[in-house]
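Everything on this sheet refers to the single structure shown next.
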Amino acid sequence: MTRAGESALTIGWLYPDLMNIYGDRGNILTLYQRARWRGLEARVVELGKGEAAGLDEVDVFFFGGGQDREQALVYDDLLETKAEPLAEAVRRGAAVLAVCGGYQLLGHYYQTATGERLPGIGLIDVRTEAGSRRYIGDVVARADESLDLEPTTLVGFENHSGRTFLGEGVRPLGRVLRGYGNNGDDGTEGVAVGNLFGTYLHGSLLPKNPHLADLVIERALGRRLDPLDDRVELDAHRRIVERELAGRR
Ligand code: GLN
């Protein structure tokens, strides 16, 4: 596990073969490349089913999305081989970014549209239950002020049947300006709990939100990073915000 002053970043990719949809792999590439552009030695450790070793060396965990079928294939392994070392890593300050299906399984449970309840690892105080229709489309969210992000927006693409409800006092990652977010009702999107970030934003998320990518890396390293020239990324971000807030839903 890297800490302030050291020059390496270890990225732990949970279930890369099963939980990886709608461009989620792009988040791994973004974390890896943005670390390298700062002169950090970066490496990616794949943590598939049955892999229990090496979690203690990880600085940033990434957990992508997956259809109900894939979630049903990984939830038991997550409980049996990953839950404790992941909780321990988070206690020590590792960062976690989880998208959609991965985000759901970090909570207490995900109940599918057929009523099957997949237990989660309860790392975050949220619960998710599938509704009758899917929430699909582009999303623009206003990031929670506590994150001090600039730009203050996050953009991405959502496609989920799950409705996630936050426990008392759980801070959302942001509030939706366009789209459905956690549950289509309370206006919240994702969670931001310490160094743990959950979201419904696919796309992939980080290439169009370099400010969030840096926040995740900074939280893992426990220090600020030198800024990069993100004009291309932020131009793409701004165009999506303008397009989506121009009255499309
Ligand atoms: N299967 C979950 C749902 O439908 C997650 C989908 C996803 O990761 N995009 O809500």
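Ligands are counted one by one from 1 in listed order, and the atoms in each one are counted from 1 as well. These figures come from a predicted structure and were not determined experimentally.
Per-residue contacts place Gly65 under 4.0 angstrom from the following atoms of ligand 1 (heavy atoms of the residue considered): 8 (O). Atoms of ligand 1 lying under 4.0 Å from any heavy atom of Gly101, numbered from 1 in the order shown and given with element: 5 (C), 7 (C), 8 (O). Each of the atoms 9 (N) of ligand 1 lies under 4.0 Å from some heavy atom of Tyr22. Taking a cut-off of under 4.0 Å to the non-hydrogen atoms of Gln67, the atoms of ligand 1 that pass are 1 (N). Counting the atoms of ligand 1 from 1 in the order shown, those under 4.0 Å from a heavy atom of Arg134 are 4 (O).
Checked against the 6.0 Å centroid threshold, Phe157 and His202 do not count as a close aromatic pair.
Leu29 and Ile217 are not part of a single hydrophobic cluster, where members link through side-chain heavy atoms under 4.5 Å apart. Cluster membership for Leu18 and Leu79, using ILVMFWY side-chain heavy atoms within less than 4.5 angstrom, is shared.
Only side-chain heavy atoms of Ile21 come within less than 4.0 Å of ligand 1; its backbone N, CA, C and O stay farther off. Residue Asn159 touches ligand 1 through its backbone alone, judged by heavy-atom distances below 4.0 Å.
Listed for the Asn183 side chain is a donor-acceptor partner under 3.5 Å among the backbone atoms of Thr164. A side-chain donor-acceptor contact under 3.5 Å links Arg38 to the backbone of Asp226.
Considering backbone and side-chain N/O of Asp68, one or more are found under 3.5 Å from N/O of ligand 1.
Relative ring orientation between Trp13 and Phe62 is described as tilted, the plane-to-plane angle lying within the 30° to 60° band.
Under the salt bridge (Lys or Arg N to Asp or Glu O under 4.0 Å) rule, Asp138 has a single partner from Lys208, Arg243, Arg239, Arg178, which is Arg243.
Contact between Tyr200 and ligand 1 is absent, with no heavy atom of the residue lying under 4.0 Å from the ligand. Ligand 1 is approached by Gln104 to a heavy-atom distance shorter than 4.0 Å. In this structure, His202 counts as a contact residue of ligand 1, since one of its heavy atoms falls inside 4.0 Å of the ligand.
For atom 5 (C) of ligand 1, the nearest non-hydrogen atom of the protein is Gly66 O, 3.3 Å. Annotation: atom 7 (C) of ligand 1 to nearest protein heavy atom, Cys100 SG, 2.9 Å. For atom 10 (O) of ligand 1, the closest non-hydrogen atom of the protein is Gly162 N, 2.9 Å.
Within 6.0 Å of CD on Glu84 lie more than 12 heavy atoms contributed by other residues, nucleotides or ligands. More than 12 heavy atoms of other residues, nucleotides or ligands lie within 6.0 Å of CZ in Arg134, so this atom counts as buried by the packing criterion.
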